[in-house]
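Naming convention: chains lettered A, B, ... in sequence-line order (proteins, then strands); numbering from 1 in each chain. If you're wondering where the values come from, they're calculated on a predicted model, not measured in any experiment.
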Amino acid sequence: MEQYNTLPRKFYERDARIVAKELLGQILVRVYKNNILAGKIVETEAYLGRDDPASVARRSKVPYSELMWEDPGTAFIYAVHGNWLLNIVTMPRGKASAVLIRAIEPINGIEIMMKNREVADTKNLTNGPGKLTKALAIDKRFNGVDVTKQRSPIKICRGFDENFEIVRRHRIGVSKDLEEPLRFYIKDSKFVSKK
DNA sequence: AGGAAGATCTACT
DNA sequence: GTAGATCTTCCTA
């Protein structure tokens, strides 16, 4: 299998909108019991700081949200309706914002992901934020993991060079969204959570 | 103690 | 495709 190389911290040290867009096509890798589980990121959403009514950083720092203010490239895992959602912290340390990984296209370890999720359909395996964390066996224990480190159990690596169109829409599921659309996905991907 | 939360599943049309 | 039930965790009172 080919070698995956992580993206540097600088990549995350930028506006969440830019990072969300540029994470499309990169590879999410999970080292799990001596196996490599991996998938191409096909859908993301940006969450901003204090002025974003949908962001957990809209209020001041509380224990469950404090990782939003951590170093860029930190995994921030959040529970919603009994699902774990994987975010990556963006912007320089102390500026709360993050990118939610909403969907991936399975590449490696598909058999194991199917077992974790108890489904047999690849299209339905990782096409949602709570689905992909379950397929990759990601939960709160991994809060704070540095995804820029080659030896991390969860990391994000450079994808293959390919051309695709990016679609920009409003975020999904939030009760109060901003006027600005902050959801990005790869056009025509069969693995996005929703068109 | 009560309820909201960035979701998912199932069962319909 | 859409509606409603149910999901689990952690905040707020």
Side-chain angles (χ1 to χ4, degrees), chain A residues 12 15-21 23-24 28 30 39 41-70 72-91 95-106 113-145 147 154 156 166-186 188-195:
Chain A
Y12 303 97
D15 190 287
R17 304 164 180 85
I18 313 271
V19 178
K21 210 184 302 179
L23 273 176
L24 296 176
L28 175 64
R30 165 85 163 97
I41 298 171
V42 297
E43 180 181 349
T44 59
E45 280 176 4
Y47 284 86
L48 313 179
R50 191 163 290 278
D51 299 325
D52 182 351
S55 173
V56 302
R58 68 188 176 279
R59 278 191 290 263
S60 52
K61 239 190 262 196
V62 288
Y64 87 106
S65 70
E66 65 189 359
L67 284 172
M68 284 285 278
W69 285 263
E70 260 304 324
T74 301
F76 167 47
I77 294 155
Y78 176 97
V80 176
H81 295 95
N83 302 286
W84 296 111
L85 275 53
L86 173 65
N87 303 259
I88 314 297
V89 175
T90 60
M91 292 288 276
K95 286 271 187 184
S97 69
V99 173
L100 169 68
I101 315 278
R102 281 196 58 92
I104 64 174
E105 171 179 342
M113 294 189 211
M114 284 181 169
K115 219 165 150 192
N116 289 342
R117 280 262 299 138
E118 297 176 325
V119 295
D121 175 14
T122 34
K123 281 205 292 290
N124 189 35
L125 193 53
T126 53
N127 61 335
K131 297 182 187 178
L132 74 90
T133 52
K134 187 153 191 216
L136 299 183
I138 293 171
D139 60 35
K140 196 189 158 81
R141 295 190 314 252
F142 298 98
N143 231 334
V145 164
V147 302
I154 299 167
I156 296 178
I166 294 174
V167 183
R168 185 170 185 167
R169 289 284 134 82
H170 278 282
R171 293 179 293 193
I172 289 185
V174 299
S175 39
K176 276 173 283 182
D177 205 356
L178 291 168
E179 230 176 274
E180 180 186 2
L182 289 174
R183 169 172 175 248
F184 304 88
Y185 66 86
I186 293 181
D188 297 330
S189 170
K190 293 192 290 278
F191 299 92
V192 301
S193 63
K194 210 166 163 238
K195 295 287 172 185

Which donor-acceptor pairs under 3.5 Å do side chains of residues 79-86 of chain A form with protein atoms, sequence neighbours excluded?
residue, atom, partner, partner atom, Å
Asn83(A), ND2, Val80(A), O, 3.2
Asn83(A), ND2, His81(A), O, 3.1

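The backbone N or O of Ile172(A) sits less than 3.5 Å from a side-chain atom of Glu45(A), completing a donor-acceptor pair. Glu43(A) places a side-chain N or O within 3.5 Å of a backbone atom of Ser193(A) that can act as its donor or acceptor partner. Panel note: side chain Ser65(A), backbone Val62(A); a donor-acceptor pair is recorded below 3.5 Å. Judged by distance alone, the side chain of Arg117(A) and the main-chain N or O of Asn124(A) form a donor-acceptor pair under 3.5 Å.
Along DNA chain B, the nucleotide nearest to Ser193(A) and the one nearest to Ala79(A) differ in position, and the one closer to the 5' end is contacted by Ala79(A). Nearer the 5' end of DNA chain C, as judged by each residue's closest nucleotide, is the contact made by Trp84(A), out of Trp84(A) and Val62(A).
The CD1 atom of Ile172(A) sits 8 Å away from the P atom of dA7(B) (whole-angstrom rounding). Distance, Glu118(A) CD to dT8(B) C1': 14 Å, rounded to whole Å. Protein atom CG of Leu85(A) is 11 Å distant from nucleotide atom C1' of dT8(B), rounded to whole Å. Rounded to a whole Å, the CG atom of Asp121(A) is 13 Å from the P atom of dT10(B). Straight-line distance from the CG atom of Leu125(A) to the C1' atom of dC9(B): 16 Å, rounded to whole Å. Remark: C1' of dA5(B) and NZ of Lys176(A) are 12 Å apart, rounded to the nearest angstrom.
The side-chain tip of Arg171(A) points at the ring of Tyr47(A) from less than 6.0 angstrom away and within 45° of straight on.
Once rounded to the nearest 0.5 Å, the distance linking OG1 of Thr126(A) with CG of Leu136(A) reads 7.5 Å.
In this structure, Ser175(A) reaches the sugar-phosphate backbone alone: every heavy-atom distance under 4.0 Å involves primed, P, OP1 or OP2 atoms, never a base. Residue Arg183(A) is classed as having no contact, given no heavy-atom separation below 4.0 Å to the nucleic acid.
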Completion exercise
Per-residue pairing states of DNA chain B in dot-bracket (Watson-Crick or G-U under 3.5 Å; . unpaired, | other strand) read |||||.||||||.
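Salt bridge absent: Lys190(A) and Glu105(A) never bring a charged side-chain N and a carboxylate O closer than 4.0 Å.
Taking side-chain N and O atoms only, Arg117(A) has a distance below 4.0 Å to OP1 or OP2 of dC9(B).
The environment of NZ in Lys195(A) is crowded: more than 12 heavy-atom neighbours from other residues, nucleotides or ligands sit within 6.0 Å.
With a cutoff of under 4.0 Å to any heavy atom of chain A, the contacted region of DNA chain C is bounded 5' to 3' by dC7(C) to dT12(C).
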